[in-house]
K.L.:
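I have a structure here, written as structure tokens, and I will follow up with some questions on it.
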Amino acid sequence: MNGGDRLFLYTDGVVDAGAPEDAMGGAGLSRILESGGHETVEQQVSQVFAEVESRSGRGLLDDATLVAFEVLASGSNRIRPTGPDASPER
């Protein structure tokens, strides 16, 4: 992987939210992530969960987890945690 590359890991609850009639599916998740490539990782995660919430109007029936990684510039060894419980940069 190179600087700027991103890796997203997710549970089936993300793509199955709203199932069976309105599930996002893998194609829908890919569409959201590909269209937001110019945004920050945090913004992309927020967009995915906004879509998950809109599709699961009656509440989530499964866990929904999305973990995002972004490769920082070559030679960088910083860890940049994100999310509501993230600690400051190390």
K.L.:
Could you check whether any side-chain N or O of E53 sits under 3.5 Å from a backbone N or O of A50, counting only pairs where one atom can act as donor and the other as acceptor?
P.N.:
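Side chain of E53 to backbone of A50, a donor-acceptor pair under 3.5 Å: no, none is there.
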K.L.:
Would you name the heavy atoms of V45 and A68 that are closest together and state the gap between them?
P.N.:
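For V45 versus A68, the nearest heavy atoms are CG2-CB, 3.9 Å.
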K.L.:
Take V71 and N2 through the side chain to side chain contact (heavy atoms under 4.5 Å, CB included) test and state the conclusion after the steps.
P.N.:
CA-CA 6 Å; V71 178; N2 299 309; 5.9 Å; no
K.L.:
Same cluster for F69 and L33 if Ile/Leu/Val/Met/Phe/Trp/Tyr side chains link at under 4.5 Å?
P.N.:
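No, separate clusters.
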K.L.:
Side chains of F8 and Q44, heavy atoms from C-beta outward: is any pair under 4.5 Å?
P.N.:
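Heavy-atom side-chain distance check passes, below 4.5 Å.
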K.L.:
Does anything in residues 3-18 pair up under salt bridge (charged side-chain N to carboxylate O under 4.0 Å, His left out), and if so which pairs, sequence neighbours excluded?
P.N.:
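Sorted result for residues 3-18: R6-E70.
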K.L.:
Could you report the tightest heavy-atom contact between S56 and A17, atom names first, then the distance?
P.N.:
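Heavy atoms of S56 and A17 come nearest at CB-CB, 4.4 Å.
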K.L.:
Are side-chain heavy atoms of V48 and Y10 found at a separation under 4.5 Å?
P.N.:
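The answer is no, as the side chains (C-beta and beyond) never meet within the 4.5 Å cut-off.
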K.L.:
If only atom types and distance count, is the side chain of S54 paired as donor or acceptor with the main-chain N or O of E51 below 3.5 Å?
P.N.:
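Checking the backbone N and O of E51 against the side chain of S54, a donor-acceptor pair under 3.5 Å is found.
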K.L.:
Answer whether the closest heavy-atom distance between the side chains of I32 and M24 falls below 4.5 Å.
P.N.:
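Yes; the side chains approach each other to less than 4.5 Å.
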K.L.:
Are L66 and L9 joined in one hydrophobic group, where the rule is that I, L, V, M, F, W and Y side chains link up if heavy atoms are under 4.5 Å apart?
P.N.:
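No, it is not one cluster - the side chains of L66 and L9 are not joined through contacts under 4.5 Å.
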K.L.:
Nearest 0.5 Å, what's the CG-OG1 distance between D62 and T11?
P.N.:
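Answer for the CG-OG1 pair, D62 versus T11, is 6.5 Å.
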K.L.:
When you group the ILVMFWY residues by side-chain heavy-atom contacts below 4.5 Å and let the links chain together, are V67 and F49 in the same group?
P.N.:
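Different hydrophobic clusters.
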